[in-house]
There are 2 protein chains.
Amino acid sequence: MRHYNKCVKLGSPNVRSPDQERDLISLLRERGQRVTSQRLLILRELRRRRRHATAHEIRDAVLRSLPGTSIPTVYATLELLVELGLARRIDAGAGAALYDARVEPHQHMVCRRCGRVDDLDEELDAGPLLDAASGSGFQPDRAELVISGLCAACAQERAA
Amino acid sequence: MRHYNKCVKLGSPNVRSPDQERDLISLLRERGQRVTSQRLLILRELRRRRRHATAHEIRDAVLRSLPGTSIPTVYATLELLVELGLARRIDAGAGAALYDARVEPHQHMVCRRCGRVDDLDEELDAGPLLDAASGSGFQPDRAELVISGLCAACAQERAA
DNA sequence: ATGACTGCAAACTCTTTGCACAACA
DNA sequence: TGTTGTGCAAAGAGTTTGCAGTCAT
């Protein structure tokens, strides 16, 4: 017999206003899936950050208001959010995967020295590429551009 | 005292004709680095494959002609080849990193179901993106586009 | 009440590191 | 001969899996 932390109930004072997560709630109900405090808070934390976050960063943040939240739950929830179209997963280099609540199209710049990832809000005309992909029998879903190089800080350090 | 496998000497019958790796040899000599049979064979194996390969696939292939080749050596060599501009590293999804001897610009399609990675030989006009990146202080190095979706086989299976 | 979800522990994979020996130059 | 490179073992990081117990519905 093992000892388990109790889950925090939905009515918990830590999960007061799920107004911001209405979209998640209705998507979950549509699919017959449950609305849990973990799911609400993980999305809230992801949205609160301007920068991309790793699963572990999200977990640390969620732990403050929802102690006991486990890493497997964070991973499962982030993957669920991606599936629901409420988050994006960015594979930048070998390290940890990044998650981002900004789902509107934008590109990323990855520093090859410090690993920093920044957004690049510039239009990308991926149309011809997607057409070419379709032509080969592939069913394209989305296109993601990653620009690698040196971030401003690392470039300056290296010049010195 | 530990027991070590002997390295295979350069003159080994397994590394007969390094003609195809002349570029690697001269690059190494320029930098004062050594020409080893591991480096020659790893590049040869990488070039022999039409598809991208993981470090472990390369190791398995190299092991046949050069028993004892170790994983750390394969990783170090692949990274060296990338640094020398003779190979490319592709980060497609969470799994293993892929390496590719095709260094001329081309894009990749990743199947979100089976993980298959295919080349897409289509021009990508990343100029404006790179300019925008430069404008923000970033020093762009290269741009890589990954299109995710369903490969032909998986799309067909799913339709059935 | 019941089945989906969570926490926990541990396994798994990929990659990197430290050190002793080997081999290119 | 000197120093770079390699093999080996093991550590490290990130992620996934199995199972028992819990909570939204």
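Each chain gets a letter, A, B and so on, in the order the sequences are listed, and its residues count up from 1. The basis for the numbers below is simple: all heavy atoms, side chains too, and nothing from hydrogens, waters or symmetry mates.
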Inset, instruction - Just do the side chain to side chain contact (heavy atoms under 4.5 Å, CB included) check on A:L145 and B:L124 with the steps written out, would you? - result: CA-CA 10 Å; A:L145 184 84; B:L124 168 68; 3.8 Å; yes
Figure out the [atom1]/[atom2] separation between [X] and [N], and round it to whole Å.
X     : N      : atom1 : atom2 : answer
B:R31 : C:dA25 : CZ    : P     : 15 Å
A:L24 : C:dC5  : CG    : P     : 12 Å
A:Q38 : D:dT22 : CD    : P     : 14 Å
B:L78 : D:dG5  : CG    : P     : 15 Å
B:E79 : D:dG5  : CD    : P     : 13 Å
B:L80 : D:dG5  : CG    : P     : 8 Å
A:R59 : C:dT6  : CZ    : P     : 14 Å
B:L40 : C:dA23 : CG    : P     : 16 Å

Inset, instruction - Please check the phosphate of D:dG5 (OP1 and OP2 only) for any side-chain N or O of B:T36 closer than 4.0 Å. - result: no
Inset, instruction - State whether B:S70 places a side-chain N or O below 4.0 Å from either non-bridging phosphate oxygen (OP1 or OP2) of D:dG7. - result: yes
Close N/O contacts between protein and nucleotides 1-4 of chain D (under 3.5 Å):
{"from": "D:dG2", "atom 1": "N2", "to": "B:R34", "atom 2": "NH2", "distance (Å)": "3.2"}
{"from": "D:dT3", "atom 1": "O2", "to": "B:R34", "atom 2": "NH1", "distance (Å)": "3.3"}
{"from": "D:dT3", "atom 1": "O2", "to": "B:R34", "atom 2": "NH2", "distance (Å)": "2.4"}
{"from": "D:dT4", "atom 1": "O4'", "to": "B:R34", "atom 2": "NH2", "distance (Å)": "3.2"}
{"from": "D:dT4", "atom 1": "O2", "to": "B:R34", "atom 2": "NH1", "distance (Å)": "2.3"}

Inset, instruction - Pick out which of B:I90, B:V82, B:I58 makes a side chain to side chain contact (heavy atoms under 4.5 Å, CB included) with B:Y99. - result: B:V82
Legend entry - Passing option when B:R88 is tested against B:R102, B:R142, B:E104 for side chain to side chain contact (heavy atoms under 4.5 Å, CB included): B:R142
For nucleotides 13-15 of chain D, list the nitrogen or oxygen atoms of the protein found under 3.5 Å from its nitrogen or oxygen atoms, one pair per line.
{"from": "D:dT15", "atom 1": "OP1", "to": "A:A97", "atom 2": "N", "distance (Å)": "2.8"}
{"from": "D:dT15", "atom 1": "OP2", "to": "A:Y75", "atom 2": "OH", "distance (Å)": "2.1"}
{"from": "D:dT15", "atom 1": "O5'", "to": "A:Y75", "atom 2": "OH", "distance (Å)": "3.0"}

Tell me whether [X] contacts the main-chain N or O of [Y] through its side chain, where contact means a donor paired with an acceptor under 3.5 Å.
X     : Y     : answer
B:E57 : B:T54 : yes
A:R47 : A:Q20 : yes
A:R34 : A:R29 : no

Inset, instruction - Determine whether more than 12 heavy atoms belonging to other residues, nucleotides or ligands lie under 6.0 Å from atom CZ of B:R49. - result: yes
Legend entry - Heavy atoms from other residues, nucleotides or ligands near CD of B:Q33 exceed 12 (cutoff 6.0 Å): yes
Inset, instruction - Give me the bend of the helix from C:dA1-D:dT25 to C:dA25-D:dT1, using the axes of the five pairs at each end, rounded to 10°. - result: 40°
Inset, instruction - Please list, chain by chain and in numerical order, all residues satisfying side chain to side chain contact (heavy atoms under 4.5 Å, CB included) with A:A76, sequence neighbours excluded. - result: none
Legend entry - Residue pairs, two or more places apart or on separate chains, that pass side-chain hydrogen bond (donor to acceptor under 3.5 Å, both in side chains) and touch residues 70-79 of chain B: B:S70-B:T73
Inset, instruction - Please work out if A:R29 contacts a base, only the sugar-phosphate, or nothing of the nucleic acid, heavy-atom cut-off 4.0 Å. - result: sugar-phosphate
Inset, instruction - Kindly state each residue pair satisfying ring-ring contact (aromatic ring centres under 6.0 Å, His included) with at least one member in residues 21-59 of chain B, sequence neighbours excluded. - result: B:H52-B:H108
